[in-house]
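Report on the structure given below.
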There are 6 protein chains.
Amino acid sequence: MTVARPSGRAPDALRPVRIERHYTRHAEGSVLVSFGDTRVLCTASVENRAPGFLRGKGEGWVTAEYGMLPRATNTRNDREAARGKQGGRTLEIQRLIGRSLRACVDRAALGERTITLDCDVLQADGGTRTAAITGAYVALVDAVNWLRKNGAIARDPIHGAIAAVSVGIFQGTPVLDLDYAEDAACDTDMNVVMNDGGGFIELQGTAEGHAFRRDELDAMSALAEKGIRELIALQRAALAE
Amino acid sequence: MTVARPSGRAPDALRPVRIERHYTRHAEGSVLVSFGDTRVLCTASVENRAPGFLRGKGEGWVTAEYGMLPRATNTRNDREAARGKQGGRTLEIQRLIGRSLRACVDRAALGERTITLDCDVLQADGGTRTAAITGAYVALVDAVNWLRKNGAIARDPIHGAIAAVSVGIFQGTPVLDLDYAEDAACDTDMNVVMNDGGGFIELQGTAEGHAFRRDELDAMSALAEKGIRELIALQRAALAE
Amino acid sequence: MTVARPSGRAPDALRPVRIERHYTRHAEGSVLVSFGDTRVLCTASVENRAPGFLRGKGEGWVTAEYGMLPRATNTRNDREAARGKQGGRTLEIQRLIGRSLRACVDRAALGERTITLDCDVLQADGGTRTAAITGAYVALVDAVNWLRKNGAIARDPIHGAIAAVSVGIFQGTPVLDLDYAEDAACDTDMNVVMNDGGGFIELQGTAEGHAFRRDELDAMSALAEKGIRELIALQRAALAE
Amino acid sequence: MTVARPSGRAPDALRPVRIERHYTRHAEGSVLVSFGDTRVLCTASVENRAPGFLRGKGEGWVTAEYGMLPRATNTRNDREAARGKQGGRTLEIQRLIGRSLRACVDRAALGERTITLDCDVLQADGGTRTAAITGAYVALVDAVNWLRKNGAIARDPIHGAIAAVSVGIFQGTPVLDLDYAEDAACDTDMNVVMNDGGGFIELQGTAEGHAFRRDELDAMSALAEKGIRELIALQRAALAE
Amino acid sequence: MTVARPSGRAPDALRPVRIERHYTRHAEGSVLVSFGDTRVLCTASVENRAPGFLRGKGEGWVTAEYGMLPRATNTRNDREAARGKQGGRTLEIQRLIGRSLRACVDRAALGERTITLDCDVLQADGGTRTAAITGAYVALVDAVNWLRKNGAIARDPIHGAIAAVSVGIFQGTPVLDLDYAEDAACDTDMNVVMNDGGGFIELQGTAEGHAFRRDELDAMSALAEKGIRELIALQRAALAE
Amino acid sequence: MTVARPSGRAPDALRPVRIERHYTRHAEGSVLVSFGDTRVLCTASVENRAPGFLRGKGEGWVTAEYGMLPRATNTRNDREAARGKQGGRTLEIQRLIGRSLRACVDRAALGERTITLDCDVLQADGGTRTAAITGAYVALVDAVNWLRKNGAIARDPIHGAIAAVSVGIFQGTPVLDLDYAEDAACDTDMNVVMNDGGGFIELQGTAEGHAFRRDELDAMSALAEKGIRELIALQRAALAE
């Protein structure tokens with residue numbers, strides 16, 4: 001028996017994923033990533049100095065900022081710049097993106113530089129943070145390649161690939177890559193970040209309805225692993241173009 | 001003798017202008033407007049209540065917010081949400097957009113509603129505020145038509161069309177629709193908002209280098225009028241699709 | 001072979017845990033919880049109205065705020081009230097505490113009330129968020145019992161118990177309830193919130209050094225389950241006094 | 001046929017203008033300027049260092065801040081310091097004042113100094129920004145003369161004079177120097193900043209009611225030119241005392 | 001032996017005090033008070049509703065706000081509106097002014113109204129808070145008389161008069177009404193608020209150098225009493241005009 | 001005839017005072033001070049650099065911050081960190097604590113260091129600021145002794161002792177050390193800070209009901225002197241342990 005997902009997808013199917021590089025022209029890396037109707041513009045900006053707490057240590061830094069356009073969602077949200085502060089959800093997500101991408105960067109090889117990954121959601125349909133991580137990785141690679149092409153750094157500071165996907169328990173069935181309709185109705189929602197070696201970088205599961213069991217955790221982890229393998233293949237294909 | 005514009009355009013030529021409607025799916029009006037490499041996403045959001053100062057007066061309101069993605073420009077700008085406030089330039093521009101579009105709206109016919117025009121710059125190359133006004137007009141019309149189709153309002157609250165363009169004195173010659181290279185180098189920069197009757201809605205001229213004379217003001221006004229006529233034709237064509 | 005933990009504890013041993021009820025006298029629930037040298041004051045405050053988004057729906061709300069005294073840690077941190085905003089870490093933790101405790105509350109049975117759990121760290125030595133959740137549960141029960149004793153609510157809105165603990169991989173070995181020395185040196189850090197039925201409420205794992213594998217995730221989950229069983233027994237004992 | 005202005009003035013008549021130098025004793029330049037009942041205290045403060053973005057370039061800076069006492073107007077406005085931010089109108093005006101006055105300053109001759117023009121409205125009756133620019137010019141000259149008298153700068157960094165006035169279309173007639181009663185009722189309001197050579201520094205016209213035509217723009221510009229000529233004569237007379 | 005005060009005044013002499021009523025025209029009470037070179041504009045604004053915490057209790061409120069123009073002092077201070085918050089000194093002073101004036105107001109007789117006293121320092125030379133209280137009292141009386149003349153309130157809510165002065169120990173001698181030169185150099189500085197019955201409303205003494213003794217406290221209190229008697233006579237004379 | 005104090009104390013009796021040193025383990029000085037049910041945690045943190053305005057002058061600084069846990073009081077107060085600013089009362093108190101303690105410190109002997117006294121109220125029952133000053137003095141001495149033991153400073157920068165107590169007029173009688181029940185009902189409230197030589201450091205009296213007379217001021221001062229003598233003896237005893 002299979003669950004009827006609102007989108008008609010199989011439980012283990014990703015939404016159509018598109019990774020468009022060079023979407024805007026100023027940034028060293030600029031990627032528009034789409035997970036179905038979720039669209040996030042990820043830019044990577046290189047600055048030739050490390051943040052204060054690393055000054056003089058010969059290491060670089062990778063950090064992220066996240067934003068959502070006020071009408072990316074079904075009803076308009078207040079603009080955070082107008083409200084005068086970023087909300088807790090925004091801060092939580094941008095901390096997650098930054099931590100996740102630092103996991104594939106050799107900061108000594110990067111040298112005293114900062115790469116800032118701006119992930120701005122143009123349209124939201126669930127999974128914006130996982131799309132952001134998946135797209136930001138490609139923007140980061142483009143920015144690093146720009147540095148290498150310019151002779152600014154000698155060896156590649158990127159080791160491996162990073163991608164992310166959400167999984168959940170929807171009507172009792174573990175499903176991959178939740179869209180908004182599923183996210184709003186599911187019992188458990190878990191965001192998983194993994195590398196291309198199949199190791200976990202981050203795993204954040206939340207019981208929305210009833211608590212989830214160990215076997216559900218196992219099933220969701222396995223689904224996430226499958227989805228991330230596919231996402232990493234799509235990242236490679238995009239970078240090969 | 002003709003001035004050599006960095007873009008190779010004739011002094012009275014607009015950049016290629018593109019107006020894409022329905023760019024995102026949630027907003028009642030959603031337009032991606034491009035003036036050359038300047039790209040602004042304009043969404044119109046309808047809310048069924050008037051702001052506090054109009055409550056109970058039977059009138060609606062049209063307002064605007066403006067933002068620029070951190071890496072829309074050549075070097076990254078701090079994210080206003082992270083800095084905790086909108087800068088003076090941002091506030092000035094969003095006030096201008098709101099005033100300009102209210103000039104074509106019969107607020108009593110709109111009823112106790114608020115339409116918020118969010119103008120977010122994805123990529124900047126000069127003229128972001130004039131592109132925003134030109135695109136926001138189309139998003140506003142789409143939102144109003146959505147209201148009319150739903151039977152929410154009886155008569156059309158929009159009278160006429162509104163568009164905007166910049167003009168300036170570049171190397172002694174009046175030119176139309178400045179891109180960033182011209183904007184940074186010109187002596188005078190003037191933003192003009194007009195309606196389809198050829199009347200001025202807003203006119204803001206600033207001498208960047210030497211002061212400008214009355215005859216230069218006349219020449220710039222004439223250029224703006226020509227450009228806005230063309231922009232209004234493009235708005236009409238887009239709305240006719 | 002067993003890992004040498006800085007504290008000399010066995011890998012699966014909690015620190016000494018103390019739960020002191022009625023620590024301060026004004027709050028409806030007031031608990032000082034200690035996980036070793038980590039000490040958190042958790043108060044539960046009852047307010048007889050629901051927050052705005054629930055007004056008139058017959059449901060209550062449980063929310064949390066988290067703070068750390070400036071010198072709770074080894075070097076002084078800026079006071080968030082003086083800096084003018086709560087940091088991302090603070091917001092993330094207080095969102096986690098609130099979500100975790102709402103998982104054991106029947107909000108309809110609570111009625112249109114708000115219970116705010118203030119978790120203030122007096123002294124920090126790792127695991128402040130898990131100590132906070134574990135102590136806040138006891139303060140919440142005390143506050144609910146106060147409501148019941150006063151006849152304000154008819155049936156018990158609390159179902160089950162909630163506790164939390166951290167687990168990690170320290171020098172290759174899964175260990176329970178990390179103190180600061182371990183937290184700073186470990187490869188993976190995972191915070192786990194469970195209920196007394198052994199179900200997961202929240203699970204947040206972060207690879208600090210190398211990525212963690214599925215078998216490590218399993219080992220850490222099992223350790224967490226053991227620790228939380230013990231913590232729930234301690235909560236029960238404290239509530240029985 | 002002449003329009004009946006609320007004040008009884010001729011269409012091309014300024015209000016009585018008074019420029020009192022040395023109004024307060026601490027500032028290097030201190031001017032109380034009155035345009036009828038509009039009274040603005042303009043002080044010029046000299047600081048012996050350039051702002052960060054000019055450090056080490058051998059150039060100075062002139063900037064402005066604008067404020068309105070809470071009860072300068074007919075109904076009390078919130079104090080911006082208490083609200084925790086300057087409004088959009090305030091920022092817009094102070095940016096205008098700063099730009100306008102920089103137009104008459106040779107920043108290299110000023111040297112690495114900052115002159116800050118604080119324009120604080122004690123009483124408002126329309127035209128506060130134009131009165132502020134006109135008064136701030138005199139305060140600026142006083143501050144520069146103080147620097148020259150002290151031997152701090154060799155050659156005069158001020159070239160020409162700057163003054164400002166508002167013009168508008170009131171009941172169909174172009175009028176000069178609008179007071180509040182006219183400002184609230186007029187169809188078009190235009191603020192004009194010019195130098196003593198008759199060149200435009202800034203020109204900001206807004207259609208409050210119907211859009212304005214080219215001939216109206218011409219008539220308003222001519223009126224502004226007349227008014228500014230008179231204001232510059234009054235500035236000279238004040239500086240000659 | 002008498003101390004040589006920088007101003008040449010006798011130890012028990014006030015500076016020349018001037019109280020100008022109706023200084024600005026919009027406020028219900030508007031007073032420019034001068035204590036020597038200290039000049040404070042005090043306006044009283046009447047609003048026909050009580051603040052939230054008094055709504056429906058049949059009582060009014062009197063509150064104060066304090067500000068200092070950036071260049072009221074010898075070196076320019078940052079504008080609090082631009083910095084985005086009021087400093088501790090400002091808040092402390094405006095709380096003192098509000099408390100002091102509420103001491104002479106029968107809030108039930110005032111009815112559900114708020115009177116806000118804005119005290120803005122145009123020029124500072126020591127004693128700005130005591131000048132503010134002394135001037136604000138006159139503005140408050142004018143505002144209350146305006147209410148009575150309009151028939152808004154039946155009986156006078158003002159009982160008695162309130163004035164304030166500073167005293168200190170300067171070079172070992174108790175002196176009255178310190179100017180800035182004395183304030184910066186004195187050992188003890190005490191601000192005293194009294195009513196016309198000779199009772200203390202507020203008394204705030206601070207040892208700037210060595211601690212002060214009981215006999216010094218007595219001498220300062222006596223001086224303050226003398227000064228306040230004179231100030232209350234000046235208030236009466238001003239109100240009698 | 002003696003007044004019946006709610007607590008049953010004699011008019012000149014302090015509440016039970018407890019001073020617990022080394023309450024938390026990270027700070028150089030850490031004191032939990034109790035005045036009856038008022039409990040304040042005072043920590044002293046040493047930083048090896050002076051604040052900006054003293055850099056390079058060979059002097060140190062002592063400063064204070066004050067906070068109250070949200071549920072230290074009978075009804076919950078908003079968390080200042082969440083509201084985004086410290087209130088006027090908080091700023092006023094922390095300025096008072098800092099000034100008071102600097103009165104016993106030879107800042108040249110301290111050297112270019114900053115000692116920050118964090119005073120956080122765990123439970124409030126009146127007199128939190130006077131308890132804070134009294135406890136912070138002990139924490140300051142402990143921090144200075146830590147510096148001396150480590151050989152960081154040669155001679156003792158502390159001269160004398162500082163303590164504080166409140167006094168008031170309760171039902172016509174001068175009483176010592178007001179608890180909350182008295183504070184809320186008394187006519188006059190005065191906070192007094194003195195040194196061990198019997199000199200006044202700060203004296204802040206406020207008439208809550210009727211104005212207070214000179215003889216009442218005298219009686220309150222005498223009571224304060226007695227209370228502070230006792231508090232200084234308790235400080236000495238605690239430091240001798």
Side-chain angles (χ1 to χ4, degrees), chain E residues 63-66 83-104 159-162 169 187-222 224-225 228, chain F residues 63-66 83-100 102-104 159-162 167 169 187-222 224-225 228:
Chain E
T63 187
E65 293 196 359
Y66 172 91
R83 277 177 38 212
K85 64 174 175 178
Q86 296 178 292
R89 181 184 170 276
T90 294
L91 293 172
E92 197 170 311
I93 293 176
Q94 69 189 19
R95 283 159 56 91
L96 172 66
I97 301 172
R99 272 200 318 272
S100 297
L101 289 166
R102 282 193 295 276
C104 74
H159 45 79
I162 299 285
I169 307 290
D187 272 324
T188 294
D189 176 13
M190 188 155 84
N191 291 297
V192 182
V193 186
M194 297 181 90
N195 63 18
D196 54 346
F200 292 99
I201 303 301
E202 288 272 346
L203 183 147
Q204 301 193 335
T206 297
E208 305 278 354
H210 70 79
F212 57 98
R213 299 178 313 266
R214 185 79 74 85
D215 63 297
E216 291 174 322
L217 171 59
D218 289 344
M220 289 190 288
S221 305
E225 205 175 325
I228 285 172
Chain F
T63 186
E65 294 196 0
Y66 172 93
R83 279 176 39 212
K85 63 174 175 178
Q86 297 178 294
R89 181 184 169 277
T90 294
L91 292 173
E92 197 170 310
I93 293 176
Q94 70 190 18
R95 284 158 55 92
L96 172 66
I97 301 171
R99 272 200 316 272
S100 296
R102 281 193 295 276
C104 73
H159 46 81
I162 299 286
V167 285
I169 308 289
D187 272 326
T188 294
D189 176 14
M190 190 155 84
N191 292 298
V192 182
V193 186
M194 297 182 88
N195 63 18
D196 55 345
F200 292 99
I201 303 300
E202 288 272 343
L203 183 148
Q204 302 193 335
T206 297
E208 305 277 353
H210 70 80
F212 57 97
R213 298 179 313 266
R214 183 80 73 85
D215 62 299
E216 291 175 321
L217 172 59
D218 289 344
M220 290 190 288
S221 305
E225 204 174 325
I228 285 171

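Nothing here was measured: the structure is a model prediction, and the numbers come from that model.
- Remark: the backbone N or O of E:Gly160 is not paired with any side-chain donor or acceptor of E:Asp196 at under 3.5 angstrom.
- Only the side chain of F:Arg99 has a heavy atom closer than 4.5 Å to any heavy atom of chain E.
- The backbone N or O of F:Gly198 sits less than 3.5 Å from a side-chain atom of F:Asn195, completing a donor-acceptor pair.
- Listed options F:Ile201, F:Thr90, F:Thr188 were ranked by heavy-atom pairs under 4.5 angstrom with chain E; first place goes to F:Ile201.
- For F:Glu225, the part lying under 4.5 angstrom from a heavy atom of chain E is the side chain only.
- Of the listed residues F:Gly197, F:Gly205, F:Gly199, the one with more heavy-atom pairs under 4.5 angstrom with chain E than any other is F:Gly205.
- In this structure, the portion of F:Leu217 lying under 4.5 Å from any heavy atom of chain E is its side chain and not its backbone.
- Between chain F and the residues E:Gln204, E:Arg214, E:Glu216, the largest count of heavy-atom pairs under 4.5 Å involves E:Arg214.
- Here the options are F:Met190, F:Glu208, F:Met220, the test is side-chain contact (heavy atoms from CB on, under 4.5 Å), and the partner is F:Ile169; only F:Met220 passes.
- For F:Arg213, the part lying near chain E is the backbone, with the side chain staying farther off; criterion is any non-hydrogen pair under 4.5 Å.
- Residues E:Leu101 and E:Ile162 have side chains in contact (heavy-atom distance under 4.5 Å, counting atoms from C-beta outward).
- In this structure, F:Val192 and F:Phe200 have side chains that are in contact, with non-hydrogen atoms separated by less than 4.5 Å.
- Of the two parts of E:Asn191, neither the backbone nor the side chain holds a non-hydrogen atom closer than 4.5 Å to a non-hydrogen atom of chain F.
- A 4.5 Å side-chain heavy-atom check between F:Arg95 and E:Arg89 finds at least one atom pair inside the cut-off.
- Between E:Gln94 and E:Gln86 the shortest side-chain heavy-atom distance falls below 4.5 Å.
- By number of non-hydrogen pairs under 4.5 angstrom with chain E, the leading residue of F:Lys85, F:Arg102, F:Glu202, F:Met194 is F:Glu202.
- Across F:Ala103, F:Gly87, F:Gly88, the residue that shares the most heavy-atom pairs under 4.5 angstrom with chain E is F:Gly88.
- Taking E:Leu91, E:Thr206, E:Val193 one by one and counting their heavy-atom pairs under 4.5 Å with chain F, the maximum is reached by E:Thr206.
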